[in-house]
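The structure under discussion appears below in the form of structure tokens.
Computed from a predicted model, the values in this text were never measured in an experiment.
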Amino acid sequence: MILEVVKIVAVVLLVVKLFSPLEPARKWIIDKLVRLMLKPGFGWVDKVITLITCSMCVSFWTILVIMHSLPLAAIGAIIARIVDLTIEKLNE
């Protein structure tokens, strides 16, 4: 069960942060959302931007939807955050 969580976290980190061929698409989507956020009444778009750029958030919701387990989703989010921070420290 935990191995499945780690697999999902690995895929999420790859899609959200590390896979460079997806970088232009990610930047395009975020740019469109930021422009939408600048319009009056669209302040909620900030939450959507955070949701799609945060590996911890994407891991949590993906695992929750796939496995229907809140504890596993929490563990997956924590693992994603630890791995993300480790990668950031290694890149410095």
Side-chain angles (χ1 to χ4, degrees):
M1 196 71 88
I2 295 295
L3 185 58
E4 298 299 321
V5 169
V6 172
K7 289 177 185 178
I8 293 171
V9 168
V11 170
V12 166
L13 282 168
L14 186 67
V15 170
V16 173
K17 300 267 183 177
L18 302 173
F19 195 54
S20 59
L22 293 177
E23 190 66 28
R26 274 194 304 265
K27 286 184 179 181
W28 182 82
I29 290 169
I30 292 169
D31 182 54
K32 294 295 181 189
L33 288 173
V34 166
R35 289 180 190 202
L36 182 65
M37 187 176 68
L38 296 176
K39 294 180 180 178
F42 284 90
W44 57 269
V45 176
D46 178 45
K47 307 291 189 264
V48 175
I49 293 171
T50 301
L51 181 65
I52 63 173
T53 58
C54 169
S55 58
M56 189 170 95
C57 303
V58 175
S59 294
F60 176 83
W61 289 111
T62 304
I63 293 168
L64 189 62
V65 167
I66 291 174
M67 297 186 161
H68 305 288
S69 172
L70 186 60
L72 286 177
I75 290 169
I78 292 169
I79 291 171
R81 183 68 176 153
I82 291 169
V83 172
D84 194 25
L85 287 173
T86 303
I87 291 170
E88 285 179 12
K89 288 291 183 184
L90 289 174
N91 285 336
E92 288 180 358

Closest approach of M67 to I8 (non-hydrogen atoms, all atoms of both residues): CE-CD1, 4.1 Å
Between CD1 on residue I52 and CD1 on residue I29, distance to nearest 0.5 Å: 6.0 Å
Cluster check V12, M1: I/L/V/M/F/W/Y, side chain < 4.5 angstrom: yes
Joint cluster assignment, L3 & V5, ILVMFWY side-chain distance < 4.5 Å: no
Name every donor-acceptor pair, under 3.5 Å, that has one atom in a side chain of residues 69-91 and the other anywhere in the protein, sequence neighbours excluded.
| residue | atom | partner | partner atom | Å |
| --- | --- | --- | --- | --- |
| S69 | OG | L72 | N | 3.4 |
| D84 | OD2 | S55 | OG | 3.4 |
| T86 | OG1 | I82 | O | 2.7 |
| N91 | ND2 | I87 | O | 3.3 |

Set of side chain to side chain contact (heavy atoms under 4.5 Å, CB included) partners for V11, sequence neighbours left out: V15
Within one Ile-Leu-Val-Met-Phe-Trp-Tyr cluster: L13 and V58, side-chain cutoff 4.5 Å: yes
ILVMFWY cluster, V65 and V9 together (side-chain gap under 4.5 Å): no
